[in-house]
Amino acid sequence: DGIAGLNGAISSVPDGMASGILVGVNPIYGLYACMVGPIAGGIFSSTRLMIIATTSAASLSAGQALGGLQAEARDSALFLMVVLIGALQVLFGLVRTGQLTRFVSYSVMTGFIIGIAVLTILSQLPTVAGYEPTAGNNKVTQTFNLLSNLDRVNLWSLAVAVTTLVLAVTLPRTRLGNFGRLVAIIVPSVLAALLRLDSVAVVRDVGDIPSGIPTPHLPSFSAISFDVITGALAVAVVTLVQGAGVSQSVPNPDGSRRSMSRDFAAQGAANVASGLFRGLPVGGSLSTTALTVISGARTRWAAIFAGLWMALLVIVFPGLVSYVAMPALGALLIIASLSTIKPSEALSIWNTGWPSRLAGVTTFLSTLLLPIQAAVGIGVVLSALLYVNESSTDISVVELVKRDDGLIEEHKAPEQLQSNKVTVLDVYGHLFYAGARTLARLLPAPRDAQKPVVILRLRGRNNIGATLVEVLANYADKLQEANGRLYLTGISEGAYEQVVRTGKLRLTGPVRAYEATPIRGQSTQEAVADARTWLVGKSA
């Protein structure tokens with residue numbers, strides 16, 4: 001665990017500093033976050049091997065939310081936002097909202113992740129080029145501004161970035177392994193210092209690098225604003241969804257269960273600690289977690305050691321951090337972002353069908369062109385709409401027919417009922433709201449039939465909504481007009497009470513209800529026998 005934590009800490013040095021650049025603050029704040037985040041997260045997380053550290057999505061989201069704030073005002077707003085992020089995440093964990101992540105569409109999350117990756121790449125092009133765009137805050141317009149001013153690109157900055165790119169790609173494949181990326185930013189930075197390339201920006205140009213470990217500091221609530229609050233909510237949701245993905249992909253070595261809600265609270269505790277120690281927002285980091293697992297992590301102590309090692313690095317080498325070349329960090333961020341774009345996943349979503357295409361493309365474009373808060377909101381709404389759409393259309397009705405050998409066979413439900421016949425129907429799918437309306441269209445029509453009887457199985461449905469009650473009442477009225485009846489079978493106790501309370505289904509008239517029994521199919525058999533007896537009586 002100690003060695004795995006050391007590898008995690010080493011890999012977090014460039015990532016943490018680069019995340020500080022994304023937020024637009026001193027890169028040392030990224031190292032502070034990678035110091036306290038893994039410790040607090042490692043103590044409380046149910047996913048014992050998950051490393052809670054800086055992520056590009058959280059940093060970019062926070063940077064956008066802070067808007068045009070500068071210097072000390074930006075720092076104060078950032079630390080307050082991080083504490084608010086943590087408080088929201090702890091609240092989400094306490095009210096056990098972990099299972100809600102299942103309702104975030106895969107296509108929406110993929111579109112968002114690709115959008116964040118592209119935004120990160122675009123945001124680092126000016127850093128790599130040594131050019132300050134003059135076209136507002138949107139990264140797309142800034143990129144067009146850069147492309148129209150290529151004659152103003154700093155060639156030395158570009159050379160440092162290209163050198164970093166080459167080293168970052170090749171060195172990890174050598175014996176340096178996990179240390180390759182760290183060496184990839186050290187070598188170009190040393191060369192820039194030796195060659196006295198004063199035109200190449202370094203970390204100390206962004207802000208002073210203090211020595212030692214930061215003391216706890218309560219952020220000033222005077223920095224609170226609407227953007228800070230909405231930004232905190234957006235970053236909280238983004239990091240929680242990402243953390244859920246990490247949790248699902250990293251099982252506990254001893255096979256113990258993981259709690260998504262507890263992991264929510266753990267990320268919240270990590271963010272509160274990060275904000276109090278002047279750090280960036282943190283969340284479950286897939287890359288750092290994977291690295292520590294490969295390095296032999298076995299318990300939560302790997303995460304705790306990662307934070308302790310980072311604290312040691314911050315104490316011993318704070319001065320060296322100030323000489324790191326900014327184009328080197330920008331190049332490293334570009335490589336990390338490119339690695340998160342998986343064309344095979346995007347192609348899979350595209351080939352799934354138009355709903356997935358619409359969700360993925362819309363979320364991607366929203367992430368590129370709109371504030372992160374708006375993109376997150378659009379993604380959540382799209383996920384809900386996709387869920388409702390799929391639930392409402394994925395409804396099927398089948399007719400159950402008893403064979404001579406006693407087995408039950410499913411047939412396609414008839415479009416029209418027959419006179420003096422008992423038709424047993426079963427329903428697959430969700431029957432709330434639009435799903436109930438879809439059921440109304442699929443139920444066979446009485447039309448010219450006389451004395452048709454329909455037995456509708458509702459077993460396993462513990463809750464019958466008002467829309468479904470309305471649909472069943474209307475269908476029962478149609479059957480009554482044809483002198484028929486509707487029998488509802490397999491109804492749970494709670495659903496039966498709902499039916500009685502509404503009063504819309506006249507259980508003493510054309511509708512009969514049979515509660516479920518422990519014996520599967522018993523209530524339906526009783527309904528069939530009663531229906532046939534009723535038909536015989538009507539014929540007599």
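In this text, all values refer to a predicted model and were calculated from it rather than measured experimentally.
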Student: Show every salt bridge (Lys or Arg N to Asp or Glu O under 4.0 Å) that has at least one partner inside residues 39-57, sequence neighbours left out.
Tutor: Arg48-Asp254

Student: Show the nearest heavy-atom pair for residues Ser259 and Ser46, with the distance to one decimal.
Tutor: N-OG, 2.8 Å

Student: Say you draw a straight line from CD1 of Ile455 to OH of Tyr514; how long is it, rounded to the nearest 0.5 Å?
Tutor: 7.5 Å

Student: Could you grab the distance from atom OH of Tyr29 to atom OG of Ser19, nearest 0.5 Å is fine?
Tutor: 15.0 Å

Student: Test: salt bridge (Lys or Arg N to Asp or Glu O under 4.0 Å). Region: residues 282-291. Which pairs qualify, not counting sequence neighbours?
Tutor: none

Student: May I ask you to check whether Gln89 and Asn271 show a side-chain donor-acceptor distance below 3.5 Å?
Tutor: yes

Student: From Gln525 CD over to Ile519 CD1, what is the distance, rounded to the nearest 0.5 angstrom?
Tutor: 9.0 Å

Student: Any chance you could measure Met50, atom CE, to Asn252, atom CG, to the nearest 0.5 Å?
Tutor: 10.0 Å

Student: What closest approach, in Å, do Ala302 and Ala297 show between heavy atoms, and which atom pair accounts for it?
Tutor: CB-CB, 3.5 Å

Student: Would you call Arg298 and Asp1 a salt bridge, taking side-chain N to carboxylate O under 4.0 Å as the test?
Tutor: no

Student: Between Phe79 and Phe277, is a ring-ring contact (aromatic ring centres under 6.0 Å, His included) present by the stated rule, with each step listed?
Tutor: CA-CA 8 Å; Phe79 303 142; Phe277 281 88; over 10 Å; no

Student: Test side chain to side chain contact (heavy atoms under 4.5 Å, CB included) on Glu410 and Tyr428; report intermediate values, then the result.
Tutor: CA-CA 12 Å; Glu410 290 187 354; Tyr428 293 99; 2.4 Å; yes

Student: Distance from Leu458 atom CG to Ser492 atom OG, nearest 0.5 Å?
Tutor: 9.5 Å

Student: List in chain and number order the residues that pass ring-ring contact (aromatic ring centres under 6.0 Å, His included) with Trp350, two or more places apart in sequence or in another chain; answer none if no residue qualifies.
Tutor: none

Student: Take atom CG in Asp404; do more than 12 heavy atoms of anything else shown fall under 6.0 Å from it?
Tutor: no

Student: Strictly below 4.0 Å, N to O, side chains only: are Lys421 and Glu399 in salt-bridge contact?
Tutor: yes

Student: For Ala303 versus Pro38, what's the shortest heavy-atom pair and its separation?
Tutor: O-CB, 3.3 Å

Student: Using distance alone, with no hydrogens and no angle criterion, decide if Ser222 and Ser220 have a side-chain donor and acceptor under 3.5 Å apart.
Tutor: yes

Student: Can you tell me how far apart OG (Ser419) and NZ (Lys451) are? Round to the nearest 0.5 Å.
Tutor: 7.5 Å

Student: Determine the minimum heavy-atom distance between Ala273 and Ala40, stating which atoms define it.
Tutor: CB-CB, 4.2 Å

